[in-house]
Amino acid sequence: MSEMFCFQCEQAAGGTGCTRTGVCGKPPEVSNLQDEISAALITLARAIDGQPANPTFEALFMDALFMTITNVNFDPQDNAAMRDRILQAAVAAGGANTYRPEDLFHGDTDVVSLRSTLLFGMRGMAAYAAHARVLGKTDPKVSAWFQKGMKALGDEHTVEEWLELIMEFGLINLACMELLDAANTGAYGHPEPTRVSLTQHKGPFIIITGHDLLDLKMLLEQSEGKGVNIYTHGEMLPALAYPGLKKYPHLKGHFGTAWQNQQKEFANLPGVVLYTTNCIMPPRPSYIQHLATTAEVGWPGVQHIAADDTGHKDFSTIIQQAIDLGGWTEETAGAYELMTGFGHNAVMSVADKVVDAVKSGAIKHIYLVGGCDGAKLGRDYYTQFVEKTPKDSLVLTLACGKFRFNHLQDQLGDIGGIPRLLDMGQCNDAYSAIQVALTLAKVFECGVNDLPLSLILSWYEQKAVCILLTLLALGIKNIRIGPTLPAFVSPTVLNVLVEQFGLTPITTADDDLKTIAG
Ligand code: SF4
Ligand code: SF3
């Protein structure tokens, strides 16, 4: 099988889709297996339609969809095993293998576009639901929606019906992000504004990347007192702001920037890197032996640490490996510090100050500049945009796209003690940004669209898709999105997004800032 078709991420070849091997490195075999996984999930959803909720099936939907997110699992064996598990479950539930992978792409361009939008959004939500579930938090309406959504994907709908489903999904994803917020803050406390060191300390170390806070917690507990330091990478940076995690003295700080720089940053690294979610890139020979994956992440030949039946993960092998590798031989001081930890709780605690500053005109505008980072050259738009924002504006940010400008923290300064750049956390902490926007709208007795607030989003993978759908479902208009539009959005669907929601592609930082200022 040398042919494939995938257009789920921003890197889709030629702006239309990857057909030979993914730009991400996904081989046709894995891409086709992932289509088979999606088809099998539809078969399962049909088989169990109308049956009472079943936590085993719900977990299967979450894990399988999570696995098919960009840069999560590249291992053909893992993907084939997942497909077989789903098909076995479907057969046991009385279903026949009725949905074929090619049916995912069946129908006119607009139907394929709408079906894909919903499928990709559900993939993003699955990861969030899975992170909440490992912390013991589930929400029946979120869990049940996976079955409902997958069944709906296999059915025929009019364009209007698809749009309705997609908007319904957007609100379910809001509930899912709320659930994950409750799971993370319930387990580790509310993030606190925290200065983060980039200093590399002498000695053995493990770098942990991805989004799963429970994996970090287990790693911290097991490495305590062993002489191994822990550093975050990429989307794990905001973990450093949670009281229940930052209390560990061997959690030293952050290493590196966003995912697309890993091949450079991890080259010849004398330590171990643990991937808990996306984004894993094709590992280079100089460091492939130093990697470990967990949860749904997989790369052929990379050691994988699975949870046992109780959810416990044994990280002793990588802790020993880090000790054997010896780590850095001398200290290298970080060139600057980062700030994170401005979740909804921290921002709400200064809400009065922000409201007063908006009323007095000290703060004239709030920009939310956030989302995924990626390799495209045009992504320096986001750096320029933040650099050029007027001094009387705040910039809220979240997700790995912040690495385009979070080094500017000190340069951007503050407004009456409120830092102008506020890192709200991971992509799922879009929930925090939504809470802040809703609170401000309430205080000013207006709609969110009437606030002096503009959203400038960057997207790469399917978590950004689910967040965008949530924002649209909340009726938030005039969102700017880049660096390019999704390949899976057909011209007709784009038209709807532009007409109904005012969704706009980014242009240049100067022009967009000028347009926003009116
Ligand atoms: Fe291409 Fe993105 Fe699909 Fe990878 S995930 S195959 S880069 S569209
Ligand atoms: Fe980044 Fe992969 Fe999307 Fe959670 S880590 S945001 S790209």
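Count residues from 1 along the sequence.
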Is there a donor-acceptor contact under 3.5 Å from the side chain of Ser31 to the main chain of Pro27?
no

For the pair Asn73 and Val297, evaluate side chain to side chain contact (heavy atoms under 4.5 Å, CB included) and give the outcome as yes or no after the intermediate values.
CA-CA 5 Å; Asn73 196 301; Val297 192; 5.9 Å; no

Of all heavy-atom pairs linking Phe488 and Phe7, the shortest is CD2-O, 3.3 Å

Got a donor-acceptor contact below 3.5 angstrom from the Asp103 side chain to the Gly154 backbone?
no

Should Arg123 and Glu461 count as an ion pair when the cut-off is N to O under 4.0 Å?
no

For this output row, return yes or no: ring centroids of Phe66 and His131 closer than 6.0 angstrom.
yes

Donor-acceptor check, side chain of Asn428 to backbone of Met177, threshold 3.5 angstrom: yes or no?
no

Could you work out, with ring pair (Phe, Tyr, Trp, His ring centres under 6.0 Å) as the rule, every residue matching Phe105, not counting sequence neighbours?
Phe5

Side chain proximity check, Cys6 to Met4, heavy atoms < 4.5 angstrom
yes

Can you label the angle between the His254 ring and the Phe403 ring as parallel, tilted or perpendicular, going by 30° and 60°?
parallel

From the list Leu87, Asp84, Asn79, Asn32, side chain to side chain contact (heavy atoms under 4.5 Å, CB included) partner of Ile37 resolves to Asn79

For Thr70 and Gln462, which I'm curious about, is there any donor-acceptor pair between the side chains at under 3.5 Å?
yes

So do Leu119 and Ser38 actually touch side chain to side chain, heavy atoms under 4.5 Å?
yes

Flag yes if more than 12 heavy atoms outside Lys376 fall under 6.0 Å of its NZ atom; otherwise flag no.
yes

Salt-bridge contact Lys148-Glu168 (side-chain N to carboxylate O under 4.0 Å):
yes

Is it true that Thr277 and Asp212 share a donor-acceptor pair across their side chains at a distance under 3.5 Å?
no

Check whether the side chains of Asn71 and Lys26 place a donor and an acceptor atom closer than 3.5 Å, and report yes or no.
no

What verdict does the side chain to side chain contact (heavy atoms under 4.5 Å, CB included) test give for Leu468 and Ile479, after you've listed the backbone C-alpha separation in whole Å, the side-chain angles of each residue and the deciding distance to 0.1 Å?
CA-CA 9 Å; Leu468 178 65; Ile479 297 172; 4.1 Å; yes

Centre-to-centre under 6.0 Å for Trp259 and Tyr460, is that the case here?
yes

Flag yes if more than 12 heavy atoms outside Glu102 fall under 6.0 Å of its CD atom; otherwise flag no.
yes

State which residues pass side chain to side chain donor-acceptor pair (under 3.5 Å) with Asp215; sequence neighbours excluded, sorted by chain then number.
Lys313

Would you say Glu235 and His211 are linked by a side-chain donor-acceptor pair, where the criterion is simply a distance under 3.5 Å?
yes

Quick check against the 3.5 Å criterion: does Asp429 have a side-chain atom that pairs as donor or acceptor with the backbone of Gln426?
yes

Between Leu497 and Leu472, is the side chain to side chain contact (heavy atoms under 4.5 Å, CB included) condition met? List the steps.
CA-CA 9 Å; Leu497 295 177; Leu472 298 180; 3.8 Å; yes

May I ask you to check whether Asp181 and His344 show a side-chain donor-acceptor distance below 3.5 Å?
yes

Quick check: does any side chain N or O of Thr209 sit under 3.5 Å from a backbone N or O of His233, one acting as donor and the other as acceptor?
yes

Within-4.5 Å side-chain heavy-atom neighbours: Thr504 and Ile481:
no

If I compare all heavy atoms of Val347 with all of Phe342, which pair ends up nearest, and what's the gap?
CG2-O, 3.5 Å

Can you name the residues that form a side chain to side chain donor-acceptor pair (under 3.5 Å) with Ser316, not counting sequence neighbours?
Asp314

What are the two closest non-hydrogen atoms of Gly121 and Leu469, and how far apart are they?
CA-CD1, 4.4 Å

Looking at side-chain heavy atoms only, is the closest gap between Asp75 and Trp299 below 4.5 Å?
no

For residues Asn278 and Lys463, determine if any side-chain heavy atom of one lies less than 4.5 Å from a side-chain heavy atom of the other.
yes

If you look at every heavy atom in Trp459 and Cys9, which pair is closest and at what distance?
CH2-C, 3.4 Å

No-hydrogen, no-angle side-chain donor-acceptor test under 3.5 Å, Tyr248 and Lys217:
yes

Heavy-atom side-chain proximity of Tyr367 to Leu394 below 4.5 angstrom:
no

Is there a salt bridge (Lys or Arg N to Asp or Glu O under 4.0 Å) between Lys246 and Glu192 once you walk through the steps?
CA-CA 10 Å; Lys246 69 193 256 192; Glu192 301 163 344; 2.9 Å; yes

Within the 3.5 Å criterion, strictly below it, is a donor on Thr138 or Arg133 matched to an acceptor on the partner's side chain?
no

Heavy-atom check, side chain of Leu163 versus side chain of Val496, under 4.5 Å
yes

Please check: side-chain N/O of Ser143 versus main-chain N/O of Pro140, any donor-acceptor pairing under 3.5 Å?
no

Is there a donor-acceptor contact under 3.5 Å from the side chain of His157 to the main chain of Val111?
no

Closest heavy-atom pair, Cys400 versus Ala258, reported as atoms and distance to 0.1 Å, is O-CB, 3.8 Å

Going by atom types alone, do Thr397 and Asp423 pair a side-chain donor with an acceptor below 3.5 Å?
no

For Thr43 and Tyr99 the tightest heavy-atom approach is OG1-N, 3.4 Å

For Tyr128 and Glu178, test the side chains for any donor-to-acceptor distance below 3.5 angstrom and give the result as yes or no.
no

Would you check if there is a donor-acceptor pair between the side chains of Arg46 and Thr98 at a distance under 3.5 Å?
yes

Under 3.5 Å donor-acceptor, Glu161 side chain and Thr158 backbone:
yes

Min side-chain heavy-atom separation Leu274-Thr294 under 4.5 Å:
yes

Stepwise side chain to side chain contact (heavy atoms under 4.5 Å, CB included) test for Leu237 and Asn406:
CA-CA 11 Å; Leu237 164 69; Asn406 61 355; 3.9 Å; yes

Using a strict cut-off of less than 4.0 Å between a Lys/Arg side-chain nitrogen and an Asp/Glu carboxylate oxygen, indicate whether Arg115 and Glu156 qualify as a salt bridge.
no

